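Notes to accompany the following structure.
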Amino acid sequence: MTNIRSICYLSLLTLPCFVQACGGRSCPALECWYLNEKVAVGSLTRGPSQVKSLLRIRTEGRRAVSPQSSVDPSIQRVYVVADPAATLCHRSPSGSTRKPFCELSHFQPQPSTIKWATSLAEDLSPVYLQADWFSAAVQDLDGRHGTSSIMRASAGTNELDAVLSVTSATLLVQSRLGEPVLLDCQFWADPASPLYGSGFAVEWRYQSRGTGRLLLAYDGKADRLSDSPEEGATLDFEALHRNGNASLMLQEAQVRHSGTYICMVYLPQLLAQVTIQLEIAEPPSLSIHPSPLPLPTPGQILTVRCEASGFAPHSLELSWELKGPDGKSRSLGPGRLSGHRLAWDGTYSQDTRLELDTSDPELGGGGEVTCVAEHPGGTRRAAVALRVIGFSTPSIEDSMAMVGVALVLYGLIKFVSWTFLGSGSDETQETDKKEK
Ligand SMILES: *[C@@H]1O[C@H](CO)[C@@H](O)[C@H](O)[C@H]1NC(C)=O
């Protein structure tokens with residue numbers, strides 16, 4: 001017994017050390033698929049175009065690389081990446097064995113051709129650029145956190161330096177209509193790189209159903225915003241210059257804002273980007289007609305209509321339920337559904353009609369009829385009372401009212417009889433006196 005307890009105690013003591021060693025200061029090594037485009041492009045297919053590789057991340061103040069765990073034999077390349085800001089640190093949540101998804105490819109530095117970034121590409125050392133450059137794109141499997149990093153290899157080695165990293169903690173954003181939206185995008189540039197300090201540019205693009213457009217572009221060197229930025233879309237310029245916070249703020253979410261957003265960050269000759277999905281999900285407002293329901297006679301058929309409006313996207317499941325006097329709910333099916341109607345603001349409306357046959361013994365008892373709307377933005381319900389003459393049992397309120405009325409009546413009778421009887425006795429007394 002004591003043995004077991006001491007073992008537990010010991011394991012409790014060692015557990016934090018274990019956690020620290022695994023997920024503390026050092027970054028876990030990243031397994032990446034190396035995409036060999038040169039092989040894939042040629043007409044001769046030589047070997048696989050995807051090669052498994054491993055990135056060992058070295059963060060600031062740490063000469064030693066993460067513990068040399070036994071390398072998986074299928075890994076064909078191992079790189080050591082100096083990443084002082086730990087931008088490539090992707091830790092799986094504790095208990096999860098799922099690894100982040102990572103793709104590695106060759107990167108070709110090139111002067112950017114876009115107008116607002118041309119001022120960046122001046123007098124750069126060609127020696128610095130003539131090296132092997134790589135681009136890594138990492139994404140957590142929960143799809144929330146993603147990084148894209150441009151890395152430079154020191155001549156003839158497998159040692160890489162992260163030079164430019166762009167990260168987002170919100171790869172998937174869901175918003176209600178009319179709310180302000182923040183699309184997170186942070187960038188980091190290596191201060192030791194000759195590219196650092198020669199300017200940067202940020203560009204946000206929007207894509208939906210095959211069409212794309214520029215939302216805004218900002219030249220950080222000239223402190224200049226592109227001519228016609230999207231209305232309601234802004235950057236926090238102070239935060240951008242202070243700590244590379246390039247997050248896009250949308251003043252007010254609208255249905256047309258749903259889609260793909262790309263945060264692109266340029267250094268002279270380099271470009272890194274992350275892609276963010278924004279979903280506008282607005283659940284419907286429900287209303288039931290007629291409400292309250294008219295009182296039907298037993299056997300009469302009532303038609304009740306539920307209208308769902310102002311929702312987006314258009315996927316919606318409408319259904320009906322009945323809660324009987326016994327408190328049990330049962331489904332009444334979807335009813336007769338209408339098509340979707342599109343409103344000017346991009347939201348939809350839809351309705352469903354239900355016929356209530358009060359001769360149905362299960363309906364004849366009355367109850368509560370509920371319209372249920374299931375939507376990606378949430379589930380909504382609206383209810384209306386169904387009462388049937390001659391069948392409905394009194395509700396608690398009715399019973400209370402009846403008791404109240406009974407009490408009042410009782411009091412009244414008491415009062416009347418007391419005054420009547422009382423005065424009657426007085427009269428008899430008076431007549432008695434007169435007689436005397
Ligand atoms: C980036 O800036 C926005 C706007 O000022 C702010 O709301 C957000 O918290 C900032 N993000 C970080 C990680 O600092």
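Because the structure is a prediction, the values reported are computed rather than measured. Note that the numbering runs from 1 along the sequence shown for the chain. Start at 1 and go down the list; that is how both ligands and their atoms are numbered.
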Whether E159 and R58 form a salt bridge (side-chain N of Lys/Arg under 4.0 Å from carboxylate O of Asp/Glu) is what I want to check. no

Sequence neighbours excluded, which residues qualify as side-chain hydrogen bond (donor to acceptor under 3.5 Å, both in side chains) partners of S359? D357

Would you mind writing out the side-chain donor-acceptor pairs for residues 301-318 within the sub-3.5 Å range, not counting sequence neighbours?
residue : atom : partner : partner atom : Å
R305    : NH1  : E307    : OE1          : 3.4
R305    : NH1  : D351    : OD2          : 3.3

Between E279 and S258: side-chain donor-acceptor atoms closer than 3.5 Å: no

Can any side-chain N or O of S148 pair as donor or acceptor with the backbone N or O of V274 at less than 3.5 Å? no

At a heavy-atom distance under 4.0 Å, which protein residues reach ligand 1? Sort them by chain and number, would you? L182, Q186, D236, N245, S247, M249

Table please: side-chain donor-acceptor pairs of residues 322-331 below 3.5 Å, with sequence neighbours left out.
residue : atom : partner : partner atom : Å
D326    : OD1  : K328    : N            : 3.2
R330    : NE   : E362    : OE1          : 3.0
S331    : OG   : G333    : N            : 3.1

